[in-house]
Visitor: 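There's a structure below that I have some questions on.
Per chain, numbering begins at 1; letters A, B, ... match sequence-line order.
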Amino acid sequence: MNIGQLIRRGETCWEIPPTAAMRVPAVIYADEGLIRAMDPKVYEQITNVATLPGIVEAAYAMPDAHWGYGFPIGGVAAFDPDQGGVISAGGVGFDISCGVRTLHTGLTMDRLESDPHRLADELYRAIPAGVGSRGKIHLNPHEMTAMLTGGARWAIDRGFGEAADLERIEERGCMAGADPAQVSARARERQREEMGTLGSGNHYLEVQRVVEIYHRPVAEKFGLRTDGIVITIHCGSRGLGHQIGTEFLKEMAMAAAQYKIALPDRELACAPIRSPLGRRYLGAMRAAINCALANRQILTHLTQKAVDTVFPGVRLELLYDVSHNTCKVEHYTVNGRKKELYIHRKGATRAYGPGHPDLPEAFREVGQPVLIGGSMGTSSYVLCGTEKGANRAFSSACHGAGRAMSRHQAAKQWRGRELVDELARQGIIIRSPSLRGIAEEAPLAYKDAGAVVGAADKAGLAHKIARLEPVICIKG
DNA sequence: ATGTGC
């Protein structure tokens with residue numbers, strides 16, 4: 001991105017003042033290196049987002065931002081229904097409620113390092129991964145509706161995991177306001193055999209070692225200590241979320257004229273929050289959030305069983321579960337007035353600061369754990385929400401490393417087998433059904449997660465707490 | 001992201 005187009009507001013804050021149809025400025029949080037390397041399409045896309053009706057404060061891009069469908073991935077935008085604010089399926093993303101959960105194992109590296117391959121084999125056997133992967137849990141129509149309403153709570157009621165986990169999931173495991181009636185037969189059919197599956201692309205299950213602590217008191221609160229072993233699951237709402245996204249994008253594109261919304265880009269298709277279509281999408285999207293929460297809960301159960309085989313008696317405990325593709329109703333003070341806003345986070349993680357009433361007791365004092373996945377074979381990070389983050393980007397932070405090149409480009413440049421061998425030399429075990437998928441996920445096809453997280457920290461979006469390194473990676 | 005692509 002051309003740095004000359006931006007006004008520098010601070011070391012990690014860049015502004016594009018409103019011009020032409022923009023209703024608000026656009027703001028990018030990143031350091032100079034990340035800005036220079038950032039896809040120029042992010043500039044185009046956030047300035048387009050800034051033209052949408054009812055947008056509040058600014059259109060934001062996180063340090064890992066890259067080109068996406070309509071909205072950039074790594075984008076945040078808040079809309080006020082009182083000002084004609086809109087909801088956009090492209091502002092949430094195709095993989096609705098894609099997210100990350102990290103589980104404590106209570107193990108330390110010395111117990112794992114003697115034979116990590118055994119755990120890798122058990123996990124790879126237990127976790128269905130890859131394009132079109134299917135699970136053993138098949139939902140009948142009644143159970144499908146119950147799942148779409150109940151989320152992780154439904155999963156726990158069916159015996160997948162522990163009730164104590166619920167406190168450690170956004171929305172306490174169950175997204176209110178889901179409307180399963182808005183989830184089409186086709187979306188349900190696609191999901192029928194996909195509960196408890198990882199999917200493909202950048203989705204993974206990783207066994208990780210805590211290697212660095214940046215802030216000991218908060219790390220203690222989060223239960224993280226050097227050489228501790230955690231397991232992180234990154235996945236979303238599979239075929240169901242994708243189908244909902246596809247259907248509503250189409251419907252919103254067709255309805256734009258009816259709602260008299262001028263779109264600088266067709267891909268920004270949206271509907272007023274207070275319209276029948278807007279309400280229907282919200283109901284369907286919330287059902288998809290429950291699908292993702294239930295999916296990660298079932299995967300946790302499968303992970304527990306695999307861990308049990310290798311380490312009998314070890315009980316996984318959830319640190320936290322965050323989503324990074326959502327639209328949520330949240331309250332913020334704007335120009336001195338308390339407002340109810342619809343916060344779109346697409347490839348952006350909610351990052352509530354200390355004292356937020358929606359946080360579980362365990363974290364209320366320190367702030368929300370913000371789980372940031374790295375690219376395959378590289379570090380992941382745990383951050384913590386900040387109080388001032390509420391005035392930066394509506395309590396949002398980055399979501400990962402962010403792609404630096406396209407899948408196609410990456411597949412041309414690397415060979416899956418060579419990457420697996422190279423990572424093995426670094427002591428990282430990769431298990432995947434797809435060597436092409438591995439090539440597409442080559443570490444160098446992504447930005448440096450350390451730089452992204454460093455910029456998020458400097459910008460005050462969230463503070464660095466710990467760094468994790470992969471030991472075993474089950475890749476979709 | 002995705003029964004990968006109109």
Visitor: Take atom CD of A:Q243 and atom P of B:dT4, then tell me their distance rounded to the nearest Å.
Guide: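 My rounded result for the distance is 13 Å.
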Visitor: Tell me which donor-acceptor pairs under 3.5 Å the side chains of residues 273-280 of chain A have, and how far apart each pair is, sequence neighbours excluded?
Guide:
residue, atom, partner, partner atom, Å
A:R274, NH1, A:D82, OD1, 3.1
A:R274, NH2, A:D82, OD1, 2.9
A:S275, OG, A:P272, O, 2.7
A:S275, OG, A:G278, N, 3.0
A:R280, NH2, A:E251, OE2, 2.2

Visitor: Expressed in angstrom and rounded to an integer, what is the separation of A:R436 atom CZ from B:dG5 atom P?
Guide: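 Rounding to the nearest Å, CZ of A:R436 and P of B:dG5 are 13 Å apart.
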Visitor: Under 4.0 Å between any heavy atoms, over every strand shown, what does A:E193 touch: base, sugar-phosphate, or nothing? Just pick one.
Guide: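 A:E193: no heavy atom of the nucleic acid under 4.0 Å.
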Visitor: List the residues meeting salt bridge (Lys or Arg N to Asp or Glu O under 4.0 Å) with A:R186, not counting sequence neighbours, and say none if there are none.
Guide: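 Per chain and number, A:R186 pairs via salt bridge (Lys or Arg N to Asp or Glu O under 4.0 Å) with no residue.
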Visitor: Can you tell me how far P of B:dT2 sits from CZ of A:R134, to the nearest Å?
Guide: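 Distance, rounded to whole Å: 14 Å.
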Visitor: Give me the atom names and distance for the closest heavy-atom approach of A:N290 to A:A178.
Guide: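 Looking at all heavy atoms of both residues, the shortest contact is ND2-CB, 3.6 Å.
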Visitor: Could you pull out all residues at least two apart from A:R417 that satisfy salt bridge (Lys or Arg N to Asp or Glu O under 4.0 Å)?
Guide: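 So A:R417 forms a salt bridge (Lys or Arg N to Asp or Glu O under 4.0 Å) with A:D421.
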Visitor: Base, sugar-phosphate or nothing for A:S237? Non-hydrogen atoms, less than 4.0 Å.
Guide: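 Nothing: the residue A:S237, judged by heavy atoms under 4.0 Å, touches no strand.
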Visitor: Using a strict heavy-atom distance below 4.0 Å, which residues from residues 279-292 of chain A are in contact with DNA chain B?
Guide: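 Nucleic-acid contacts, sorted: none.
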Visitor: So which pairs with a foot in residues 54-78 of chain A pass side-chain hydrogen bond (donor to acceptor under 3.5 Å, both in side chains), sequence neighbours left out?
Guide: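 Sorted pair list: A:D64-A:H399.
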Visitor: Between B:dC6 atom P and A:K250 atom NZ, what is the distance in whole Å?
Guide: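 Those two atoms, NZ and P, are 13 Å apart.
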Visitor: To the nearest Å, how far apart are A:F94 CZ and B:dT4 P?
Guide: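 Whole-Å distance recorded here is 14 Å.
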Visitor: So what does A:G201 hit on the nucleic acid, given a heavy-atom distance under 4.0 Å: a base, only sugar-phosphate, or nothing?
Guide: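 The answer is sugar-phosphate, as A:G201 gets under 4.0 Å only of primed atoms, P, OP1 or OP2.
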Visitor: In whole angstrom, what separates A:R186's CZ from B:dT2's C1'?
Guide: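 So the two atoms are 12 Å apart, to the nearest Å.
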Visitor: Listed by chain and number, what are the salt bridge (Lys or Arg N to Asp or Glu O under 4.0 Å) partners of A:E162, not counting sequence neighbours?
Guide: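 If we apply the salt bridge (Lys or Arg N to Asp or Glu O under 4.0 Å) test to A:E162, skipping adjacent residues, there are no hits.
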Visitor: Measure from OH on A:Y69 to C1' on B:dT4 and round the result to the nearest Å.
Guide: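 In whole Å, B:dT4 C1' lies 16 Å from A:Y69 OH.
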Visitor: How many whole angstroms separate atom CG of A:D95 from atom P of B:dT4?
Guide: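 For the pair A:D95 CG and B:dT4 P, the rounded distance is 16 Å.
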